[in-house]
Structures are given as C-alpha cells and as structure tokens.
Amino acid sequence: MLSVFHHTSRIQRITVSFVAIGAWVALTFSPFATQAAGCMSGQLIKGSNTSVYYCGADGKRYGFPNIKTYYSWYPDFSTVVKISDTSLGVVPFGGNVTYKPGVHLVKVTTDPKVYAVDAHGLLRAITSEAIATQLYGSMWNKVVDDIPDVLFFN
C-alpha cells in the first residue's frame, strides 16, 4: 500500500506539516483554548451562584473565601464574567485567594495578634504598634480585618 505522501512533492509535505503544526500551536496556546474551558488567565468568573473565582495562569480557579478578601483585590464586580455551571465545573479548583499583600492587616477574633500578608500569602506577625504605624500609617488599626478562625491559615 502506498502512502498518500508518496505521490506528493517535498514542498507539499512540508507545507502540510507546517499547517498542521500551526493549527496545533494555535489551539494549544491560544487564549481561546483556555477561554473555551471557561477560564482565561487573570479573568474573574462565576456560575449561577454568588461565588466568584479568579482564573490562574495554571488553568485552575481560585475562590475568594469572603467579601473582604475580594475587595482587597478589586473595587467592584464589574469585570466578573458569568459562565454556565457546566463550564465552571470543568475548571479544576486550585484553592483560595489570599488577601492582597500590603492592603490590609489581618487577625482572628480569638487572638489579639495582628499579621501582615506577604507577597506569597504568608502571614507575618506585627510585633509592635510602632512597626504597624511605620508600615501602614497612624491609622493602621482601621485596616485590620478579622478573619474567621477556619480561614486564618488558608
């Protein structure tokens, strides 16, 4: 049995190869590939309920555990894109979004310690009022948010 390519010229075979590779690259690395799955990197999405998710560069969705966490990143909900619950369900859950670093201090109601959120979402204890004032100004106590105990180490 003869190959289809046996009767074609070398230039035609190369052209077909480049077209096939180009189509694969376009489908694999195009923003539309992830958008078709319902989640484009950097996008805010939601299904039919009130939960809003951030789409990560890894193709996973990350939930905002509460409204205060959401508002540490965004001023409103104007950029949230509503997608079907089916599309939302296809996007794997990657975890929770943490507070935006440098915006708020956090604490739990059962502990008087106050923490800053660092660039990696880790909590750094503020050990004195002088440090809090130096980092967040004289009104630092106005930017302290109480976190539910169950979310504190998330």
Would you say [Y] ends up clustered with [X] if hydrophobic residues are merged whenever their side chains have heavy atoms under 4.5 Å apart, either directly or through other cluster members?
X	Y	result
M139	V103	no
L135	V143	yes
V80	Y62	yes
V52	V81	no

Pairwise distance [atom1]([X]) to [atom2]([Y]) - rounded to 0.5 angstrom:
X	Y	atom1	atom2	result
S51	I45	OG	CD1	11.0 Å
T69	Y54	OG1	OH	15.0 Å
T127	K113	OG1	NZ	11.5 Å
T98	W73	OG1	CH2	6.5 Å
L88	S48	CG	OG	8.5 Å
D111	D149	CG	CG	8.5 Å

Is a donor on one side and an acceptor on the other found under 3.5 Å between the side chain of R61 and the backbone of Y53? no

Give the minimum heavy-atom separation between [X] and [Y], together with the two atoms involved.
X	Y	answer
P148	N66	CD-ND2, 4.2 Å
A57	S41	CA-OG, 3.4 Å
Y136	W140	CB-CB, 3.7 Å
K68	Y99	CB-OH, 3.1 Å
S78	D76	OG-OD1, 2.7 Å
P65	V97	CD-O, 3.3 Å

Please verify the inter-ring angle class for Y70 with F77; under 30° counts as parallel, over 60° as perpendicular, anything in between as tilted. parallel

Could you tell me if the side chain of [Y] sits less than 4.5 Å from the side chain of [X], heavy atoms only?
X	Y	value
V144	H104	no
F64	L44	yes
K60	P92	yes
D146	V108	no
Y115	I147	no

Show your reasoning for whether side-chain contact (heavy atoms from CB on, under 4.5 Å) applies to L123 and V117. CA-CA 5 Å; L123 300 177; V117 181; 3.9 Å; yes

